[in-house]
Enquirer: 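Have a look at the structure that comes next, please.
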Amino acid sequence: MTQGVRGTRDFYPEDMRVRNWLFERFHEAALSHGFEEYDAPLLENEELYTRKSGEDISQQLYNFEDKGGRKLALRPEMTPSLARMVMARSGALALPIKWYSIPQCWRYERTQRGRGREHYQWNVDIWGMEGVEADAELISVLVHFFKSVGLSSDDLVIRVSSRKVLEEVLGSLGIAGDDFSKTCVIVDKMDRLPPDVIEAQLQDLGISPESVAQIQKILGIGDLAGIEDALGSGSDAITEIQSLFSLVESYGAGGWMEFDASIVRGLAYYTGPVFEVQDRAGELRAICGGGRYDRLLGTLGGKDLPATGFGFGDMVVMELLEAKGLVPDLSTGNSDVVFGMGPELRGAAMTVASTLRSKGRNADLVLEDKRMKWVFRHAERIGAERLVMVLPDEWAKGIVKVKVLETGEESEVSLDSLC
RNA sequence: GCUGUGAUGGUGUAGCGGUUAGCACGGUGGGUUGUGGUCCCGCCGGCCCGGGUUCGAGUCCCGGUCACGGCCCCA
């Protein structure tokens, strides 16, 4: 009876304080870079997510039929909703747009440590810019956030590649278009699935074992020089990646980023630079993932508009912050406890509380008949700064007693000068 | 889909065949106190459900339910 739905979390006030702290850092990092917040419904039509590219996301949809027989899904990610919103106003939006959101996202799957069926995912996206300047700006938002919670490039690394690297390799093998997207989804699983499974899936797409070996060799490259050797310095993919690294260097964030050809990402819609943030120790799942998706609107039936963005879940980063001792002790934010001695002073206590509140103090008024002992313990438990006592003799003279709890210092203050 | 571990007051836990089922927090009443944080005392409140083994089960066995992990998979 007291249990929530499997894979969901309750946020008690002490948990909510931490969540708000984290979200405030998200907001601040995005706002500091000129992004605006948006939101969309948690419920979407299922067809928004049922793509044809073999992505598992559609298998893990938290979906159902409503009373009108409509097939709906709880959003597993924010990007399709965002794409829908952008498409609906495609002619009217002043480009580029820089938007962010902290939506709750859902998926139906087996729960594990750090993986519920629900999480909050900070999404930051730029639409209407083709250049890697936009991708670099996203990296800057991320680095700003990490610094603001006390994480450094010793803790984290942003691993970057580009779908164009694979595109060039696969193109030379005669694989392009839809097959290319499907290949990316399979290649993304290479380090998780047995080689024969991967080979079988790739051969279904008409890719020979020799080509598979070629792909694997490219994916093993972990530095820019290596990939330049492999693709040739004139290649678009190389030029783009080099440009991105150079821009990130200008932001002063060069130390955070590394090239890694094995970063592919499991979503079919990526088209250009893709990245993941991982902990240096390699103990956690990816903290954040993102990339460029210039042709998503086209697949949804609209006109293409270049776009790039990332999604950043709240669970994995909290694990890291807790492990590093970076989650601060947060107080309840109550500054005053107001207590009227006895029922006849209840009204007076309300007047005092109102006065304090109008002066901008957070006042927790004791609404019941409680003993002084309880009031003190209560004030201590909620971490109040002061206890404001309305006592019979003093109140007769228009005075209240104010006690600073930490120091024990006590003073008598008239209602007029109370603040 | 496969698998492991667990379930004891409201919360967190100890107990591993015979205990008045212990402790801490909480709630409540009282003592001390300046009607006053600490401290001290009393009280409230519990063995997930159903079978079985046993003279006797919170404890062992079987089934169920739920929870938390791991694998598979992964926005």
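Chain naming here is simple, since letters A, B, ... match the order of the sequence lines and numbering starts at 1 in each. In this text, all values refer to a predicted model and were calculated from it rather than measured experimentally.
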Enquirer: Taking any heavy-atom pair under 4.0 Å as a contact, classify A:Lys401: base, sugar-phosphate, or nothing.
Expert: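 Contact class for A:Lys401: base.
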Enquirer: Check whether the side chain of A:Arg285 and the base of B:C74 form a donor-acceptor pair under 3.5 Å.
Expert: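 Present.
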Enquirer: Do the side chain of A:Arg110 and the base of B:C72 come within less than 3.5 angstrom through a donor-acceptor pair of N or O atoms?
Expert: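 When only heavy-atom distances are counted, A:Arg110 does not reach the base of B:C72 through any donor-acceptor pair under 3.5 Å.
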Enquirer: Does any nucleotide pair with B:G27 by Watson-Crick or G-U wobble geometry, both distances under 3.5 Å, and what is it?
Expert: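 Pairing partner, where one exists within any strand: B:C43.
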Enquirer: Produce the list of close N/O pairs, under 3.5 Å, pairing protein atoms with atoms of nucleotides 38-41 of chain B; give distances to one decimal.
Expert:
none

Enquirer: Does A:Glu276 reach a base, just sugar-phosphate, or nothing at all? Heavy atoms under 4.0 Å.
Expert: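 Result for A:Glu276 = nothing.
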Enquirer: Nearest to the side chain of A:Arg115, which nucleotide is it out of B:G70, B:A75, B:C72?
Expert: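 The answer is B:C72.
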Enquirer: Would you mind classifying the nucleic acid contact of A:Arg113 as base, sugar-phosphate or nothing, using non-hydrogen atoms under 4.0 angstrom?
Expert: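 Sugar-phosphate: the residue A:Arg113, judged by heavy atoms under 4.0 Å, touches backbone atoms but no base.
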Enquirer: So that I can tick it off, tell me whether A:Asp135 and A:Arg292 are bridged by a salt bridge, with the cut-off set at under 4.0 angstrom between side-chain N and carboxylate O.
Expert: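 A:Asp135 and A:Arg292: salt-bridged.
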Enquirer: Give every donor-acceptor pair under 3.5 Å between a side-chain atom in residues 337-360 of chain A and any protein atom, sequence neighbours left out.
Expert:
unit_1   : atom_1 : unit_2   : atom_2 : d
A:Thr351 : OG1    : A:Gly347 : O      : 3.2
A:Ser354 : OG     : A:Met350 : O      : 3.0
A:Thr355 : OG1    : A:Thr351 : O      : 2.9
A:Arg357 : NE     : A:Ala363 : O      : 3.3
A:Arg357 : NH2    : A:Ala363 : O      : 2.8
A:Ser358 : OG     : A:Ser354 : O      : 3.4
A:Ser358 : OG     : A:Thr355 : O      : 2.7
A:Lys359 : NZ     : A:Leu418 : O      : 2.8

Enquirer: Give a yes/no answer on whether the side chain of A:Arg75 brings an N or O atom under 4.0 Å of OP1 or OP2 in B:A75.
Expert: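 Answer is no, no contact under 4.0 Å.
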Enquirer: Which part of the nucleic acid, if any, lies within contact of A:Gly408, taking any heavy atom under 4.0 Å across all strands shown: a base, the sugar-phosphate backbone alone, or nothing?
Expert: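 The answer is base, as A:Gly408 lies within the cut-off (heavy atoms under 4.0 Å) of a base atom.
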Enquirer: Is a salt bridge present between A:Lys397 and A:Glu412, judged by a nitrogen-to-oxygen distance below 4.0 Å?
Expert: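 Judged by the 4.0 Å cut-off on N to carboxylate O distance, A:Lys397 and A:Glu412 do not form a salt bridge.
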